[in-house]
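Quick note: residue numbers are just sequence positions, from 1.
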Amino acid sequence: MRKFLLLLTTVFSLAANSQEIYESFLQEGKVWTFSDDNYWTDKHEKFTMFIQGDTIIDGNACKKVYRNDLNHYQYALSEENKAIYIYFDGKEKEMLYDFNKKVGDKFSADHDEDVIAAIDTVKVGERFFRRFISENMEQTVWIEGIGGQFNLEIPFPNVGNTVTFVSCEQNGEILITASDYRKPSITGIGKVSSSSASASSKVYSADGKQLDRLAKGLNIIKSADGKTVKVMK
């Protein structure tokens, strides 16, 4: 039992220094690349959105977001406790993303059909990113610190939208690409729901007690292949 608790402590320490490090959304040097593929007009081109400089709107510290082929910033974004807000033309802020949401929550009050079915972790290179997945895998997927698979200011599927995410980089280093939105979870157990884990996995509390489902707080999941991952609920 002592060895097992030592293992859990080690896993907790490793996870705390890797998987659970929050990837800030608004960082200087971060660049998003998108592809605009309008088959009606036969328009196919790539463009980038990037963060450069600061501004203050209604007393809130914001970052300016530019598009590479335009000569003025498009809008401002602010980040407050893992929630991302947008300001168009200095108007009242509107929430774009909220990375505090949990399984069972709606992605947005305006999108009743998009309910978070799973929150898992994907590994890209040596980095770990939390991923928020809707009940329909072909619909909304958010990645913490990156956004959705559409235009930066469009976090949900939108009829008529021709823009899709290509990649995001930080100071010239690729953080994530479009294909990473569909990567298998590093938990090895597929989707993690609020009610139960996979039948082939075991769930433990931080003190080593085996659970029959995910509990509020820290959960340590050990899959059938021996992989162990920490999940916060």
Side-chain angles (χ1 to χ4, degrees), residues 22-101 106-111 114 116 124 127 129-132 134 138-182:
Y22 174 66
E23 179 69 35
S24 177
F25 200 94
L26 302 182
Q27 300 179 57
E28 291 280 347
K30 185 172 280 188
V31 179
W32 291 262
T33 299
F34 300 93
S35 180
D36 189 351
D37 300 300
N38 191 327
Y39 293 95
W40 292 101
T41 62
D42 201 31
K43 174 186 174 183
H44 305 278
E45 61 183 18
K46 288 184 179 179
F47 65 92
T48 62
M49 305 293 289
F50 60 93
I51 294 172
Q52 183 175 305
D54 305 293
T55 187
I56 301 293
I57 300 178
D58 293 334
N60 298 303
C62 304
K63 290 288 188 180
K64 295 180 179 180
V65 179
Y66 292 79
R67 179 165 164 162
N68 70 311
D69 54 351
L70 300 174
N71 59 7
H72 59 86
Y73 85 92
Q74 300 300 288
Y75 42 79
L77 296 177
S78 67
E79 182 170 8
E80 304 171 25
N81 188 30
K82 299 186 181 182
I84 311 303
Y85 298 88
I86 188 169
Y87 300 78
F88 284 109
D89 300 323
K91 295 180 181 178
E92 185 176 351
K93 67 182 181 182
E94 177 183 341
M95 181 181 288
L96 279 184
Y97 300 96
D98 183 359
F99 297 107
N100 296 290
K101 289 184 177 294
K106 297 177 182 177
F107 278 88
S108 168
D110 297 328
H111 291 75
D114 280 315
I116 299 174
V124 183
R127 303 172 72 97
F129 297 88
R130 280 209 310 159
R131 178 174 57 182
F132 298 70
S134 70
E138 294 303 314
Q139 296 296 314
T140 304
V141 179
W142 290 356
I143 291 183
E144 190 175 78
I146 306 296
Q149 65 271 54
F150 310 100
N151 208 344
L152 192 60
E153 69 272 17
I154 302 177
F156 305 100
N158 187 28
V159 176
N161 179 48
T162 61
V163 175
T164 56
F165 173 86
V166 175
S167 64
C168 181
E169 63 183 70
Q170 174 77 34
N171 297 323
E173 176 192 357
I174 296 294
L175 298 178
I176 207 160
T177 64
S179 62
D180 295 319
Y181 278 80
R182 305 299 180 186

Taking every non-hydrogen atom, the tightest pair across Ala76 and Ile57:
CB-CD1, 3.7 Å
Distance-only polar pair, side chains of Asn60 and Ser78, donor-acceptor under 3.5 Å
no
For a side-chain contact (heavy atoms from CB on, under 4.5 Å) check, start with the C-alpha distance between Tyr73 and Tyr66, then their side-chain angles and the critical distance, and finish with the verdict.
CA-CA 4 Å; Tyr73 85 92; Tyr66 292 79; 3.5 Å; yes
Of all heavy-atom pairs between Ile84 and Glu79, which one has the smallest distance, and what is that distance?
CD1-CG, 3.5 Å
So Ile146 and Tyr181, side-chain contact (heavy atoms from CB on, under 4.5 Å) or not? Walk me through it.
CA-CA 10 Å; Ile146 306 296; Tyr181 278 80; 3.5 Å; yes
Under a 4.0 Å threshold between the charged nitrogen and the carboxylate oxygen, would Lys43 count as salt-bridged to Asp37?
no
Val166 to Ser35 - nearest heavy-atom pair and separation
CG2-N, 3.6 Å
Ile51 vs Trp32, test: side-chain contact (heavy atoms from CB on, under 4.5 Å). Steps then yes/no.
CA-CA 9 Å; Ile51 294 172; Trp32 291 262; 3.8 Å; yes
Interatomic distance, OG@Ser108 vs NZ@Lys101, rounded to 0.5 Å, equals 7.0 Å
Side chain to side chain donor-acceptor pair (under 3.5 Å), paired with Glu28, selected from Gln52, Lys63, Gln170:
Lys63
From Ile174 atom CD1 to Glu169 atom CD, the distance as rounded to the nearest 0.5 Å
4.5 Å
Would you confirm whether Arg131, through its side chain, and Val141, through its main-chain N or O, come within 3.5 Å as a donor-acceptor pair?
no
Measure the CD-CD1 distance between Glu144 and Ile176 for me, rounded to the nearest 0.5 Å.
11.0 Å
Roughly how far apart are Ser167 OG and Lys46 NZ, rounded to 0.5 Å?
7.5 Å
Given Phe25, which of Tyr97, Phe129, Tyr85 fulfils the ring pair (Phe, Tyr, Trp, His ring centres under 6.0 Å) condition?
Tyr97
For the aromatic rings, using the six-membered ring if either is Trp, is the centroid distance between Phe132 and Phe99 under 6.0 Å?
yes
Heavy-atom side-chain proximity of Phe107 to Pro155 below 4.5 angstrom
no
Test your reading of the model: is there a side-chain donor-acceptor pair from Lys106 to the backbone of Asp114, 3.5 Å cut-off?
no
Separation of Thr55 OG1 from Leu77 CG (nearest 0.5 Å):
12.0 Å
Which heavy atom in Leu96 sits nearest to a heavy atom in Leu152, and how many Å separate them?
CD1-O, 4.0 Å
Residue pair Arg67 / Phe34, side-chain heavy-atom distance below 4.5 Å:
no
For Gly145, is there any backbone N or O sitting under 3.5 Å from a side-chain donor or acceptor partner on Lys30?
yes
CZ/Arg127 to CG/Asp180 distance, rounded to the nearest 0.5 angstrom?
12.0 Å
Taking the six-membered ring for Trp and the full ring for Phe, Tyr or His, determine whether the centres of Phe165 and Trp142 are under 6.0 Å apart.
no
Side chain Asn38, main chain Thr41, donor-acceptor under 3.5 Å
yes
Counting neighbours of CD on Glu94 that are heavy atoms of other residues, nucleotides or ligands and sit closer than 6.0 Å, is the number greater than 12?
no
